[in-house]
Amino acid sequence: MNIVDFMIHLQAELPPNERAQLESEISDMDGVMSAHFNSRYPHMMEVAYNPDVVSSGGVFGHVSQHGIVAEKVGL
């Protein structure tokens, strides 16, 4: 299985409850192994996923559907 990761940089820091909700939603996507915010940089979320199942664009699109201004950052 291939595992790839990337970071999502949010333009604004979300409140803790919204970060937890977003982590949960992304983690529940098919092909996503993990999604979590960095405790030192709470505006950065790292996502590990299987590119044979889901794309980084698909994951990023889910974030954008929430109206969150963000950008993808490769690792």
Side-chain angles (χ1 to χ4, degrees):
M1 170 185 352
N2 292 325
I3 298 177
V4 179
D5 54 356
F6 73 104
M7 301 287 287
I8 298 175
H9 175 253
L10 281 63
Q11 296 298 319
E13 187 176 324
L14 297 176
N17 62 324
E18 290 182 33
R19 284 196 311 264
Q21 177 66 32
L22 189 58
E23 283 177 334
S24 177
E25 288 178 19
I26 299 297
S27 292
D28 288 343
M29 292 178 71
D30 286 340
V32 173
M33 304 299 135
S34 70
H36 62 275
F37 280 92
N38 185 309
S39 60
R40 288 185 56 198
Y41 305 101
H43 60 283
M44 300 290 287
M45 180 169 56
E46 183 174 359
V47 179
Y49 67 98
N50 179 344
D52 295 330
V53 179
V54 68
S55 68
S56 62
V59 174
F60 186 74
H62 189 83
V63 173
S64 298
Q65 288 176 356
H66 285 276
I68 298 169
V69 178
E71 60 189 352
K72 290 192 308 183
V73 179
L75 292 178

Rounded to the nearest 0.5 Å, what separation is found between the [atom1] atom of [X] and the [atom2] atom of [Y]?
| X | Y | atom1 | atom2 | value |
| --- | --- | --- | --- | --- |
| E46 | F37 | CD | CZ | 12.0 Å |
| M29 | H62 | CE | NE2 | 6.5 Å |
| M7 | H43 | CE | NE2 | 8.0 Å |

- [ ] Look at the side-chain heavy atoms of Ile, Leu, Val, Met, Phe, Trp and Tyr, link any pair under 4.5 Å apart, and say whether V59 and V53 land in one connected group.
- [x] no
- [ ] Decide whether E25 and H66 meet the rule of one side-chain donor and one side-chain acceptor closer than 3.5 Å.
- [x] yes
Smallest separation among heavy atoms of [X] and [Y], with atom names:
| X | Y | result |
| --- | --- | --- |
| K72 | S56 | NZ-OG, 3.1 Å |
| D5 | A48 | CB-CA, 3.9 Å |
| E18 | L14 | OE1-CD2, 3.7 Å |
| E23 | H36 | OE2-CA, 3.1 Å |
| N2 | P51 | O-CD, 3.5 Å |

[Y] and [X], any side-chain heavy atoms less than 4.5 Å apart:
| X | Y | result |
| --- | --- | --- |
| M45 | V63 | yes |
| M33 | N50 | yes |
| D30 | V54 | no |

Task: Derivation of the side chain to side chain contact (heavy atoms under 4.5 Å, CB included) call for L22 and I68 - done: CA-CA 10 Å; L22 189 58; I68 298 169; 3.9 Å; yes
